[in-house]
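Excluded from the calculations below are hydrogen atoms, water molecules and symmetry mates; all remaining heavy atoms, backbone and side chain alike, are included.
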Amino acid sequence: MIDQFSVSLVTAVVVLVCAVLFVFDTLLRRPDQSGRFWAAGFLGAVLTTMFYLVWAAEPDTAWAVIGGNTSAVVGTGMMWLGCRGYNRRPVLLPGVVIAAGGAATAAAAGVEFGAGGDDWSGAFVMFIGLSVFAAAAAVECFRGALGASRTALPLGIVFALESLFYAARVVIVATQGYGETFHTWVGTVATSILTVVLSITAVVTASILRASRVGLRGSGRSEDGVGAVGGILPEAAFAAALTNNARRAEARRELLAVSVIELEGLEYISTAFGLDVRDEVVRTWRSTMTENAPTLVVIGETGTERIGVITVVTSALDARRQAMTLYRSLFQSLASVEGGVLPAIGIGVALSDVGGYDPDRLVDLASSAAVRASSGVASAVLLAESV
């Protein structure tokens with residue numbers, strides 16, 4: 001029979017290889033929120049297996065169990081945040097919840113060890129955290145952009161299985177303790193098998209999802225990574241330009257308009273027609289933006305698959321007119337892409353008389369309006385409202 005140390009060693013090797021592959025891919029690609037969170041989740045898995053490997057070799061090592069339990073919960077939470085980031089959902093409050101869950105897990109293990117606990121000290125709290133965060137990640141995989149992509153289906157299924165597995169652990173421990181039933185059905189060997197399956201599924205799925213959305217570093221950028229490419233600034237340069245323009249507009253009491261243009265359905269296009277067609281859609285989108293946007297404007301990236309426009313307008317009507325002109329140009333250009341593939345186009349416009357002159361707030365308001373506009377339940381151009 002395979003001993004516990006051998007099982008832990010094999011699991012550690014698989015997790016380590018998957019994590020190295022994903023982190024290396026992260027370094028090659030342009031920065032994106034979901035990728036960073038997923039990379040942190042894989043690093044958490046590496047820490048977990050390393051801690052448990054130490055514990056398997058030296059069962060009396062309390063700090064290894066505390067560290068392993070905590071990094072397991074936080075790592076799964078980071079995978080959940082990566083899924084939320086991919087779906088463009090807020091991550092701040094969930095991040096606080098994850099931090100609290102990690103702290104509770106560490107505290108539970110520390111207290112139980114201090115009271116003369118055993119190898120499973122604090123495990124009950126850890127099981128709850130893992131079940132909850134895995135369930136939350138599974139939910140994200142079946143809605144939003146992830147739900148629209150069939151690629152995310154295996155990841156959602158595995159997260160759901162993980163949630164059920166740890167929920168079963170919670171029930172068994174609460175009713176029967178860490179007895180024969182626990183070790184036979186949901187013990188270390190079963191956990192190691194689940195970890196291996198989850199790691200392999202996650203690295204393959206997350207890599208494909210990110211590749212369909214985020215290009216390689218240096219692709220479509222100038223050599224120094226700062227200047228505009230084809231008239232479109234990279235995200236950092238656009239943010240700096242917006243900050244400067246907002247300051248100047250506020251001093252002159254001018255009406256500043258920030259527009260965000262989003263294409264909804266690029267994941268569908270990648271899955272159904274391939275990356276070549278998707279890339280052609282994106283190239284057409286970018287070129288149309290620079291050719292048809294008003295002359296004296298600043299154009300730049302505001303995030304993955306989003307382009308922003310900064311301009312000064314005379315009124316809300318003027319801002320809507322400019323946005324509608326741009327929308328019509330985009331619609332005509334994208335409709336001509338070979339294959340007849342047309343993503344949903346959404347333009348959100350935030351005005352300084354509604355959102356003030358805070359750059360981040362203007363972009364957030366415009367982005368939210370763009371998401372609503374591209375959903376098809378409202379006009380293709382929406383003016384943001386104060387919240």
Side-chain angles (χ1 to χ4, degrees), residues 4 7-8 11 15 37-38 41-42 44-45 47-49 51-52 55 65-84 87 89 93-109 111-112 117-143 146-147 152-202 205-206:
Q4 184 170 282
V7 172
S8 300
T11 305
V15 171
F37 284 130
W38 280 332
F42 277 108
L47 283 176
T48 301
T49 53
F51 278 126
Y52 286 159
W55 163 72
V65 175
I66 296 173
N69 290 2
T70 305
S71 56
V73 171
V74 174
T76 302
M78 289 296 105
M79 298 301 289
W80 171 37
L81 286 190
C83 295
R84 287 185 67 87
N87 285 338
R89 294 172 60 81
L93 183 58
V96 174
V97 173
I98 292 169
T105 301
V111 169
E112 291 187 26
D118 55 16
D119 296 337
W120 295 100
S121 295
F124 187 77
V125 175
M126 178 187 68
F127 297 161
I128 295 175
L130 289 173
S131 181
V132 170
F133 292 153
V139 170
E140 290 296 332
C141 288
F142 292 108
R143 67 178 176 182
L146 287 174
L153 179 61
L155 186 61
I157 293 174
V158 173
F159 274 131
L161 290 175
E162 179 186 6
S163 178
L164 292 174
F165 178 84
Y166 282 103
R169 277 189 151 191
V170 169
V171 173
I172 291 174
V173 171
T175 57
Q176 303 181 37
Y178 299 97
E180 183 178 350
T181 301
F182 177 87
H183 291 289
T184 301
W185 296 104
V186 291
T188 302
V189 175
T191 305
S192 297
I193 294 173
L194 176 66
T195 301
V196 169
V197 172
L198 176 61
S199 299
I200 295 174
T201 303
T205 304

Asker: Go through the structure and list residues passing salt bridge (charged side-chain N to carboxylate O under 4.0 Å, His left out) with R84, not counting sequence neighbours.
Answerer: E140

Asker: Which of these, V15, L194, T11, T49, sits in a side chain to side chain contact (heavy atoms under 4.5 Å, CB included) with S199?
Answerer: V15

Asker: If I take atom SG from residue C83 and atom CZ from residue F37, how far apart are they, to the nearest 0.5 angstrom?
Answerer: 11.5 Å

Asker: What residues form a ring-ring contact (aromatic ring centres under 6.0 Å, His included) with F124, not counting sequence neighbours?
Answerer: none

Asker: Between A202 and M79, which heavy-atom pair has the shortest distance, and what is it?
Answerer: CB-CE, 4.1 Å

Asker: Residues two or more places apart in sequence or in another chain: which of them pass ring-ring contact (aromatic ring centres under 6.0 Å, His included) with F142?
Answerer: none

Asker: Residues in side-chain contact (heavy atoms from CB on, under 4.5 Å) with A206, at least two apart?
Answerer: F22, W38

Asker: Minimum heavy-atom separation for V125 to A108, with atom names?
Answerer: CG2-CB, 3.6 Å

Asker: For a quick test of reading the model, state the closest non-hydrogen atom pair linking E112 to G122 and the distance between them.
Answerer: OE1-N, 3.0 Å

Asker: side-chain hydrogen bond (donor to acceptor under 3.5 Å, both in side chains): which pairs involve residues 68-80, sequence neighbours left out?
Answerer: T48-S71, Y52-N69

Asker: What pair of heavy atoms forms the shortest contact from L81 to P94, and how long is it?
Answerer: CD2-CB, 3.6 Å

Asker: Can you find a heavy atom in the side chain of V74 that is under 4.5 Å from one in the side chain of F133?
Answerer: no

Asker: With a cut-off of 3.5 Å and sequence neighbours excluded, list every side-chain donor-acceptor pair involving residues 152-174.
Answerer:
residue	atom	partner	partner atom	Å
S163	OG	S131	O	2.9
S163	OG	S131	OG	3.4
R169	NE	V186	O	2.7
R169	NH2	V186	O	2.8
R169	NH2	G187	O	3.4
R169	NH2	T191	OG1	2.7

